[in-house]
There are 2 protein chains.
Amino acid sequence: MAQEFHALNERAQLLLKTLVERYIADGQPVGSRALSKYSGLDLSPASIRNVMADLEDMGFIASPHTSAGRIPTSRGYRFFVDTLLTVKPLDRIEINQLEGQLQVNNTQKLVASASHLLSDLTRFAGVVVTPRRSGGFRHIEFLRLTEKRILLILVTAEGDVQNRIIQTDKIYSPSELVEAANILNQNYAGCSFDEIRRRVHAELKQVQEHMSQLMAAALAAGDQAVSESAEDVVISGEINLLGIDDLSSNMTKLRDLFNLFEHRSTLLQLLDHSSRAQGVQIFIGGEAGLTPLDECSVVTAPYEVDGKIVGTVGVIGPTRMAYERVIPIVDITAKLLSSALTQR
Amino acid sequence: MAQEFHALNERAQLLLKTLVERYIADGQPVGSRALSKYSGLDLSPASIRNVMADLEDMGFIASPHTSAGRIPTSRGYRFFVDTLLTVKPLDRIEINQLEGQLQVNNTQKLVASASHLLSDLTRFAGVVVTPRRSGGFRHIEFLRLTEKRILLILVTAEGDVQNRIIQTDKIYSPSELVEAANILNQNYAGCSFDEIRRRVHAELKQVQEHMSQLMAAALAAGDQAVSESAEDVVISGEINLLGIDDLSSNMTKLRDLFNLFEHRSTLLQLLDHSSRAQGVQIFIGGEAGLTPLDECSVVTAPYEVDGKIVGTVGVIGPTRMAYERVIPIVDITAKLLSSALTQR
DNA sequence: ATTGGCGCTCACGCCCAAGGAGTGCTGGGC
DNA sequence: GCCCAGCACTCCTTGGGCGTGAGCGCCAAT
């Protein structure tokens with residue numbers, strides 16, 4: 001019993017690997033007979049049972065009841081993805097196809113289609129955290145709708161457009177609006193709103209009083225527009241999860257899961273976690289600390305703009321998922337999204 | 001048997017009414033004993049059974065199996081909502097509360113919150129068809145991102161903002177961009193893109209060749225932006241339907257239903273139907289011709305801007321819903337949305 | 001026309017038995 | 001010391017049988 005000291009000998013690893021693979025493939029608890037057939041090792045079921053008992057003791061597998069086969073525990077999956085899994089990267093042709101799907105000309109749509117891409121390819125739920133904004137702007141424009149309603153159009157540093165209606169006390173003439181916009185555009189483009197606020201205060205005492213009021217409103221609106229849409233989670237293909245019998249057996253669990261999807265902030269927290277590390281990360285079962293995700297895994301990867309991580313893409317599916325397929329898909333999607341966003 | 005001639009005598013109507021109400025209230029097939037208790041008529045179960053048999057012959061009710069009570073058929077519901085139902089309008093206080101929820105400052109968000117409102121209040125799925133755009137624009141702006149990438153910002157006649165990146169062959173200077181925008185804004189604001197296209201072609205032969213190319217691109221993009229986001233369906237609270245046991249018993253049906261939700265165009269067609277009539281409309285069960293909606297009802301009402309119908313709000317829920325509550329909610333939401341959109 | 005009574009039909013819940021899958025253990029062979 | 005055939009055991013699953021209760025249709029009496 002020397003090898004029970006944490007480490008798994010080669011045979012145990014191989015058996016664990018094929019067990020997980022079998023289970024992922026057909027969702028049934030795997031018995032000793034099946035393992036003896038598929039492991040490639042020329043061992044009788046009886047011998048295999050011994051190893052399985054060890055694996056169970058160590059918490060890698062468990063049996064739903066006495067006379068069923070074994071299924072992987074979270075720990076089993078964890079070991080599997082960490083050291084047993086062999087991922088086959090996608091080939092060039094597939095990548096090119098994917099690249100074609102991401103040719104879209106504005107950030108929101110790009111993010112949305114990345115999310116769709118993930119859900120379509122994996123048949124699970126795709127998630128994308130929208131890119132963090134730097135908080136500056138590239139261009140500002142005021143447009144008069146009615147006397148006291150002014151449309152603020154704001155092009156962010158990232159090149160997408162925010163808009164917002166400002167209610168004013170005073171009436172501004174079109175030329176005043178143009179002038180205000182010019183001042184902001186010429187002097188402060190690229191700065192953060194905080195910075196602008198300070199500098200406007202300091203430098204522009206001479207500007208007419210009511211003009212600077214307009215600017216204050218603009219800054220507040222800009223601030224809000226930026227912070228409001230700061231980081232959001234775009235989910236698609238939740239419906240796919242309805243088809244997964246692992247999840248849709250427990251109606252209550254399923255509802256909890258979908259409730260989680262509506263709670264963007266919780267999800268955001270989880271996903272943001274991933275944007276601190278490089279490369280693909282995997283949360284298995286309850287590892288994330290969220291009960292509704294008990295029987296789910298989350299596969300994530302950060303994406304970047306100009307070499308800086310700005311968001312996360314990911315897939316949420318059942319713990320019993322084909323990791324060797326999902327992982328490269330998430331990986332590639334993150335990379336494609338990075339390059340699609342960078343080249344603008 | 002004279003009254004079997006289509007018409008329902010008063011007693012039959014009253015019994016049908018209480019039967020439907022009972023069934024809506026607790027979801028169990030209603031038997032003759034229950035009806036005799038709750039109808040208010042002083043009749044024995046046996047007499048009531050006779051009437052029920054008539055109602056069944058006429059197709060208003062049916063029994064799931066021999067020894068269960070009766071449940072309303074689609075036809076029964078139809079008769080119920082058409083002539084038996086007594087809706088109680090919401091009181092002022094509630095309306096004011098709702099009005100508070102719809103104070104948002106841009107069309108997309110307004111539509112989204114209307115949809116949320118519907119789903120929150122009814123605990124079913126809320127749908128809103130986004131307002132039809134007239135196809136003109138109020139203001140156009142070109143903004144240079146890189147040499148050959150130009151950001152087109154388009155304020156529609158309705159006052160919301162579209163944006164889109166144009167890839168150009170040639171390089172335009174900032175002043176050229178300003179000039180092009182000016183031409184469009186000064187001469188063509190308010191016209192449809194089709195009209196502009198014709199007039200630009202006719203009137204602007206003298207404009208430099210490469211300038212008019214830019215405009216063509218702008219028009220094409222504008223056209224596309226308008227037509228693309230022309231009409232869309234915003235759905236919220238689909239998750240609520242997971243909790244409805246009428247629907248979530250059949251996993252397959254449920255999946256079909258959610259698939260329908262992803263098929264915006266089909267849904268759009270159904271909802272657009274409603275925007276041809278005034279006031280609240282109801283589709284019960286398969287009446288809409290869509291199989292996934294077999295056990296659903298759709299309650300819709302058109303909303304307007306400046307007196308013209310531009311879209312539809314609605315609720316999708318199980319056939320067995322509290323119509324007397326849902327109908328006024330949909331009605332009011334349509335009216336609130338109308339006024340919120342008109343006052344801008 | 002209304003009603004009490006009667007027999008009938010099903011769905012539902014329960015129990016029980018048979019069948020099957022898979023385990024753990026043991027004892028013998030290499 | 002490792003491997004493995006055999007065996008007893010456990011426990012899920014399936015299906016049949018039975019009692020119960022709800023509700024109906026019909027009928028004869030009022």
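All heavy atoms count here, side chains included; hydrogens, waters and symmetry mates do not. Sequence lines set the chain letters: A, B, ... in the order given, protein chains first and strands last, and positions in each chain run from 1.
- First and last contacts of DNA chain C with chain B, using any nucleotide atom under 4.0 Å from a protein heavy atom and ordered 5' to 3', fall at C:dT2 to C:dA11.
- The ring-ring contact (aromatic ring centres under 6.0 Å, His included) search around A:Phe80 returns none, not counting sequence neighbours.
- Under a 4.0 Å N-O distance rule, the pair A:Glu287/A:Arg78 qualifies as a salt bridge.
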Return a single string for nucleotides 2-14 of chain D, one symbol per nucleotide in 5' to 3' order, where B is base contact, S is sugar-phosphate-only contact and - is none, cutoff 4.0 angstrom on heavy atoms.
-SBBB---BBS--
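- Aromatic ring pairs are classed by plane angle as parallel below 30°, tilted from 30° to 60° and perpendicular above 60°; the pair A:His273 and A:Phe283 is perpendicular.
- At distances below 3.5 Å, not a single donor-acceptor pair connects side-chain atoms of A:Arg70 with backbone N or O atoms of A:Ala62.
- Of the possible polar contacts, one joining the A:Thr122 side chain to the A:Leu118 backbone as a donor-acceptor pair under 3.5 Å is found.
- Atom pair B:Arg33:CZ and D:dC24:P shows a separation of 9 Å (rounding to whole Å applied).
- Within residues 16-31 of chain A, no residue approaches DNA chain D, by heavy-atom distance under 4.0 Å.
- Residues forming a side-chain contact (heavy atoms from CB on, under 4.5 Å) with A:Leu121 (at least two apart in sequence, or on another chain): A:Leu98, A:Leu117, A:Ile329.
- A:Ser274 contributes no side-chain N or O that, together with a main-chain N or O of A:Thr300, makes up a donor-acceptor pair within less than 3.5 Å.
- Residues passing the side-chain hydrogen bond (donor to acceptor under 3.5 Å, both in side chains) test with A:Ser63, sequence neighbours excluded: none.
- Judged by distance alone, the side chain of A:Arg264 and the main-chain N or O of A:Val233 form a donor-acceptor pair under 3.5 Å.
- Aromatic ring orientation, B:Phe258 versus A:Phe258: tilted (interplanar angle from 30° to 60°).
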